[in-house]
Amino acid sequence: MAKNDTKVEKFRVGVVLDMDVPEVKVCWTSMKMALSDLNASRKRKLVFYHRNSKEDILDASSAAIYLIKKYKVQAIIGPTTSAQTVYMMQLGKRSMVPIISFSATSPSISPSQNPYFIGTTLNDSSQVNAIAAIIKAFGWREVVPLYPNTEYGKGIIPYLVDAFQKISTRVPYRSVFPSSATDEEIGDELHRLATMQTRVFILHVTAPLGVRIFAKAKEIGMMSSGYSWIITDGLGDYLSTFNSSVFDSMEGVIGIRPYVPESPKLKSFRVRWQDMFRKENPHLDSKLDMFGVWAYDTVWALGNAVEKLKSLNPEFNKPKAALNSSESSDVEKMGVSQIGSELLREISNIKLKGPMSGTFNIIEGQLQYDIFEIVNVIGNGPRPVGIWTPLDGIVRNISFVGINKSTITDKYNLGPIIWPGDTYAVPKGWQIPTMEPKLKIGVPLKKKGFTEFLEVTENTQNSSSVTGCSTKVFDEAVNSLDYSLPYEYFPFQINNKDAPGSYNDLVDAVSNQIFDAAVGDITITFGRSQCVDFTLPYNEGGVSMIVLAKQDMSKTTWIFLKPLEWKLWVTTGAFFLIIGFAIWILEHRVNREFRGGPHSAYQLGTILSFSFSTLVFAQKERVLSSLGRIFLGIWLFVVLILTQSYTANLASMLTIKRLDPTYTDVKELIRYGYNVGYQEGSFVLDQLKGLGFDESNLKTYNTPEEFDELFSKGLVEDGIVAAFEELPYIELILAKYCDKYMMVGEIYQNEGWSFVFPKGSPLGPDISRQILKLRENGATKRIKQGFIRSTSKITCQENNTLGSSTSLKLESFWVLFRITGGSVLFAILVFLVMFLWENVQILADSNTTVLQKFVNLLNEFNKYDEKRLITYFEYQHVRNDQNKDFISALDSDTNDLGEAACGSLPNEGVAGNEGQCTKVADQDLGLLPNENHATDYDNTSEEVDSLLDNIVEVKDQTQGGANLHCNQSSECRNRRPLNSEALVLKV
């Protein structure tokens, strides 16, 4: 029983590697150390049987067949390269022997398509998103991948291109090196890259080839300022093993490699590994790399899977035909492993606890790992500058992983980077090669017309100068760049019978790389955008209709209302009513002109009459209260401002010419078949056809003068009644003929005028940013207005095609209304406080209800305020001449005076009629009411008696004087003037 417990089972493992390669020797040492560590604690021992594949595909496959046939190995670790793995996988599938590789990284050998392949290294496609994140962070729009013409090199390219497309980055060129490239071939390819604009390179090569490429790049000056190099993990995994001479040639390179935490276990293993490696390879000075770590974990993963097997049956099932036939091949004679399917199932999904690499998790036959370290090669080695994960994007270090979930790819999340040329300045990603000629910029050459936007002047020495708004904007944008951009304009014939061409032909010339760009009045359209890139528009877009303008004589009926907007009318009317009612409240108790009347609505009429009379300062009622006079003065000032403003604006509206369009409806033009015009060569032709215009009704023009001539001909002479033009041209035409034409109808929007670049050109985004800056600071508008005003004959009112004055707004007078309203409110509040204080006994009466108090206050308000009554309607003193007549009458005979005064009385003597005569005199003096005021007399007799001081004072028969005064009441208006001849006094 004890013997059975100590029985050791052996599991045979084949190893097929390029044993002569130094990098493989590193991995072989790690594998042997893993075998020793594993077997020391397991009953099931792994036994290695290794063969050298000699860096050859056939030798690798032959070695696998040999190991299976002779040693009956149940699993094979290897081979070294992806190309060797492609063939060996088929052998594994045929014999059901798992092929386990820690160095074959090509995505083309995915376990999903090759079930008996187990990848214990990272698939190259897992790092492409990390590389794309770096490209996006620095805003590079073009990159060039460099890779060998091998399975390893070509496998990653489709994944890289897809990742770059997602971030709108082009791959204009792919640099492919032969698998065994010579130094001369490397130099030729790098020289070819140096003549191109792109300066961002993605290097995906093996370590030996990568070292040679960087040495040659430094030699020809491609490791200088302006260049950017990014290496994949195929080279990045070996950065820690290079010497100082290699680092010197790689100064400023950015590398991607899997993040492996430096654990105590790894540090201890690194020391043990170094000792063992030096003993076995004293002539090599290598260091432990990532592949060596994965080789160690691979052996442990296989050992754990073997532990889970039910049995270790080493036999292979071989077909009888293959055993008996001498013609059977070695592949047929290998047989099929009896435990291969079970072993594959166990190792396809396995996770190590405490692996040397930190994380070792195989899912469906492929190692999963998604944390990458971004390093910068500086001085004597790589320096970490960031970490990338799918969930976090780029972060500064591992401590930020799991905190940031926004997948930010901002370059500021990276640490400081020193770029090639020993500079911190981020390369812009492209530049014009010094050996290249100037950029060829195509400009549309039109023989005549609209030269304000673009004018080409041919010089005598077979050259030309280009001016105009379009080129001025382009020049300003280029001058704003932070780098030099040499260029030269080349005219392109447009609408020329000798060399016919169109704007579409110019765009095609850029697409076909005849020109490097195109500048001019080129409109962005969908069709053109399919073959070229446009910058941001530098001029507004849209197409509209221009027609002749006629004077409008039909819209003056209600013009008197237009000087003020409706809100100002309503507010002014409301304040008239407010002022009237406020004056009535303040004057009702003290001013008889705001009391009484022949009917109940009389005072309402007084209010309205008074308030609206202030409009012309014709109010006849005088305001007696001080509070009323204060805010009435303010209101009269506001009325003065309003009337003067109204008069000025109405005069402007009546004197300025009003224009109306002759046609406004496009459908009407189509229905009646009227001729319309458009600029020759413009895309507007296609738009007019799309609207439904017949081509026979479309007329062309090339200049504003031809445009005006077509309108002048009219319908009779086959002219036009309308023209369709782009907004910038409309602005120019209206500047020349602003009193003759006007823009009407719908604006058919488009993206506007732009500059043209080939698809994917890195110049496009840079120029777009400068155009955006020019538009924000108003430079583009100033440039355009400068060219238009320099040639326009008439200055039109800005943004006002009709040239009409606008209505005055309430906002212009809002402060005045607030001041007036505030003064009215203040006066009313003061009046109410004083009124309530005077009648506080009513409020303090506890025997009355609230309603009764309110009624009593209203009654009190309706009474005369005897203490404050102020009168100003006074009879004047009796005129001097009337006083003289009166004195003369007193000197005459008494009988004569009586007859003169009472000529209608019976001739019975004065004494007998003195009472009657006295009554007449009293009536004349206003002391007694006449017959029309009999009713009021009883009510006012006491008031008259109290106010009358003297009626008549006679000093003697020969001298006397009369100072007659009349009460300043409303009754005085109905009294007769003093008549001395009708006066009889009792002496």
Side-chain angles (χ1 to χ4, degrees), residues 102 105 107 110 119-140 143 156 159-169 200 202-204 228 230-240 253-263 265-266 289-291 293-294 297 349-377 382-417 426:
F102 55 81
T105 60
S110 171
T120 58
T121 186
L122 289 184
N123 190 303
D124 283 337
S125 62
S126 62
Q127 62 184 318
V128 296
N129 289 329
I131 297 172
I134 297 174
I135 300 297
K136 182 179 180 181
F138 291 102
W140 294 321
V143 298
I156 194 177
Y159 298 90
L160 270 178
V161 173
D162 290 345
F164 293 153
Q165 285 181 347
K166 292 178 181 179
I167 60 173
S168 301
T169 297
V200 181
I202 310 296
L203 188 61
H204 178 66
S228 176
I230 301 176
I231 58 175
T232 64
D233 67 343
L235 188 56
D237 289 335
Y238 292 101
L239 286 177
S240 58
V253 171
I254 295 178
I256 296 291
R257 64 184 184 184
Y259 173 74
V260 178
E262 191 71 15
S263 62
K265 181 179 180 180
L266 180 58
D289 55 43
M290 193 65 209
F291 289 103
V293 175
W294 277 328
D297 287 340
N349 295 277
I350 192 170
K351 183 176 182 179
L352 295 182
K353 294 182 180 180
M356 198 66 66
S357 58
T359 301
F360 194 91
N361 184 20
I362 298 177
I363 299 176
E364 295 182 357
Q366 179 63 54
L367 180 66
Q368 305 296 317
Y369 203 80
D370 56 7
I371 301 178
F372 288 89
E373 185 178 35
I374 304 172
V375 297
N376 181 209
V377 178
R383 176 171 57 89
V385 294
I387 296 290
W388 180 90
T389 69
L391 294 179
D392 301 276
I394 295 177
V395 294
R396 182 64 184 86
N397 52 56
I398 195 65
S399 62
F400 291 97
V401 173
I403 298 177
N404 178 23
K405 299 296 181 183
S406 60
T407 63
I408 294 178
T409 56
D410 195 339
K411 62 183 178 182
Y412 299 106
N413 289 343
L414 292 169
I417 297 177
V426 178

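FYI, the numbering just counts along the sequence from 1.
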Check side chain to side chain contact (heavy atoms under 4.5 Å, CB included) between Ile363 and all other residues, then give those that pass, not counting sequence neighbours.
->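 Once residues adjacent in sequence are excluded, the partners of Ile363 under the side chain to side chain contact (heavy atoms under 4.5 Å, CB included) criterion are Asn349, Asn361, Gln368.
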Results of side chain to side chain contact (heavy atoms under 4.5 Å, CB included) for Ser110 - residues two or more places apart only | Ser112
Expected output: side-chain [X] to main-chain [Y] donor-acceptor under 3.5 Å:
X	Y	value
Gln366	Thr121	yes
Asn413	Ile394	yes
Thr169	Trp140	yes

Nearest heavy-atom pair of [X] and [Y]: which atoms, and what distance?
X	Y	answer
Val260	Leu266	CG1-CD2, 3.9 Å
Asp289	Tyr238	OD2-CE2, 3.1 Å
Pro107	Asp124	CD-CB, 4.0 Å
Leu414	Arg396	C-CD, 4.1 Å
Asn376	Pro416	OD1-O, 4.4 Å

Tyr159 and Asn123: side chain to side chain contact (heavy atoms under 4.5 Å, CB included), yes or no, with the steps?
-> CA-CA 11 Å; Tyr159 298 90; Asn123 190 303; 5.8 Å; no
Going by the rule side-chain hydrogen bond (donor to acceptor under 3.5 Å, both in side chains), which residues pair with [X] if we only count those two or more places apart in sequence or in a different chain?
X	value
Asp233	Gln127
Ser228	none
Glu373	Arg257

Please lay out, stage by stage, how Leu239 and Ile231 fare under the test side chain to side chain contact (heavy atoms under 4.5 Å, CB included).
-> CA-CA 10 Å; Leu239 286 177; Ile231 58 175; 4.0 Å; yes
Any side-chain heavy atom of [X] within less than 4.5 Å of one from [Y]?
X	Y	value
Asp237	Pro258	yes
Ile230	Ile135	yes
Trp294	Leu367	yes
Val385	Val375	no

Looking at [atom1] of [X] and [atom2] of [Y], how far apart are the two atoms once the value is rounded to the nearest 0.5 Å?
X	Y	atom1	atom2	answer
Ile374	Ile417	CD1	CD1	7.5 Å
Phe138	Ile254	CZ	CD1	5.0 Å
Ser126	Ile371	OG	CD1	12.0 Å
Asp370	Thr389	CG	OG1	7.0 Å

List the steps, then state whether side chain to side chain contact (heavy atoms under 4.5 Å, CB included) holds for Ile131 with Phe164.
-> CA-CA 9 Å; Ile131 297 172; Phe164 293 153; 4.2 Å; yes
Side chain to side chain donor-acceptor pair (under 3.5 Å) partners of residues 350-360, not counting sequence neighbours, each pair once = Asp297-Ser357
